[in-house]
**Student:** 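Before I ask anything, here is the structure I am working with.
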Amino acid sequence: MTGIVSWYDKGIEKLRQLSKCHLILFITVKFLAGVAIGLLLAIWLPIWTWWIFLVVALVISIPLYAKIWGK
């Protein structure tokens, strides 16, 4: 588990060292890729499978949002 955490720590540190222009470009690319993948999956998957993705995303995000907004 510590290997995964240290990998994320290194990645986050690299993101912190980016200039503002490169960071905005990175975020924009991630957003556009997420929208493209979402549209692709929306066309290919039946509607009931979206509930599975939604529940998994909510379960993953609840502790994160609690930590962010709790302090």
Side-chain angles (χ1 to χ4, degrees):
M1 187 71 170
T2 58
I4 294 172
V5 173
S6 66
W7 181 78
Y8 277 110
D9 285 341
K10 290 176 187 176
I12 290 172
E13 189 58 36
K14 287 180 183 180
L15 285 174
R16 287 183 180 159
Q17 293 174 357
L18 287 175
S19 66
K20 288 184 181 181
C21 294
H22 286 116
L23 187 60
I24 290 171
L25 182 64
F26 178 78
I27 292 169
T28 303
V29 168
K30 289 288 188 176
F31 173 77
L32 291 175
V35 169
I37 290 172
L39 288 172
L40 184 66
L41 289 175
I43 292 170
W44 284 354
L45 295 178
I47 293 176
W48 66 269
T49 56
W50 283 103
W51 286 104
I52 295 171
F53 285 109
L54 183 63
V55 168
V56 169
L58 287 173
V59 168
I60 291 171
S61 66
I62 287 172
L64 180 61
Y65 282 119
K67 187 169 186 164
I68 291 170
W69 297 108
K71 292 184 180 181

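Residue numbers start at 1 and run along the sequence shown.
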**Student:** Using residues 53-64 as the side-chain source, report each donor-acceptor pair under 3.5 Å to any protein atom, sequence neighbours left out, with the distance given to one decimal.
**Tutor:**
{"unit_1": "Ser61", "atom_1": "OG", "unit_2": "Ala57", "atom_2": "O", "d": "3.0"}
{"unit_1": "Ser61", "atom_1": "OG", "unit_2": "Leu58", "atom_2": "O", "d": "3.2"}

**Student:** Could you list who else is in Ile27's hydrophobic cluster, with ILVMFWY side chains joined at under 4.5 Å, directly or through other members?
**Tutor:**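 Leu15, Leu18, Leu23, Phe26, which link up through side-chain heavy atoms under 4.5 Å apart, make up the rest of the cluster.
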**Student:** Which residues satisfy the side-chain hydrogen bond (donor to acceptor under 3.5 Å, both in side chains) test with Ser19, sequence neighbours excluded?
**Tutor:**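 Ser19: side-chain hydrogen bond (donor to acceptor under 3.5 Å, both in side chains) contacts with His22.
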**Student:** List the atom of Thr28, the atom of Ile24, and the distance in Å for their closest heavy-atom pair.
**Tutor:**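 The answer is OG1-O, 2.7 Å.
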**Student:** Under the rule for side chain to side chain contact (heavy atoms under 4.5 Å, CB included), what residues qualify as partners of Glu13, not counting sequence neighbours?
**Tutor:**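 Glu13 satisfies side chain to side chain contact (heavy atoms under 4.5 Å, CB included) with Arg16, Gln17 only.
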**Student:** State which residues pass side chain to side chain contact (heavy atoms under 4.5 Å, CB included) with Leu41; sequence neighbours excluded, sorted by chain then number.
**Tutor:**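 By the side chain to side chain contact (heavy atoms under 4.5 Å, CB included) rule, Leu41 matches Ile37, Leu45, Trp50.
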**Student:** Connecting only ILVMFWY residues whose side-chain heavy atoms lie within less than 4.5 Å of each other, what is the rest of Trp44's hydrophobic cluster?
**Tutor:**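 Noted: Trp44 shares its cluster with Leu40, Ile43.
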**Student:** Indicate if Leu32 and Val35 have the same hydrophobic cluster label, given that clusters are the connected sets of ILVMFWY residues with side-chain heavy-atom separations under 4.5 angstrom.
**Tutor:**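 Same cluster.
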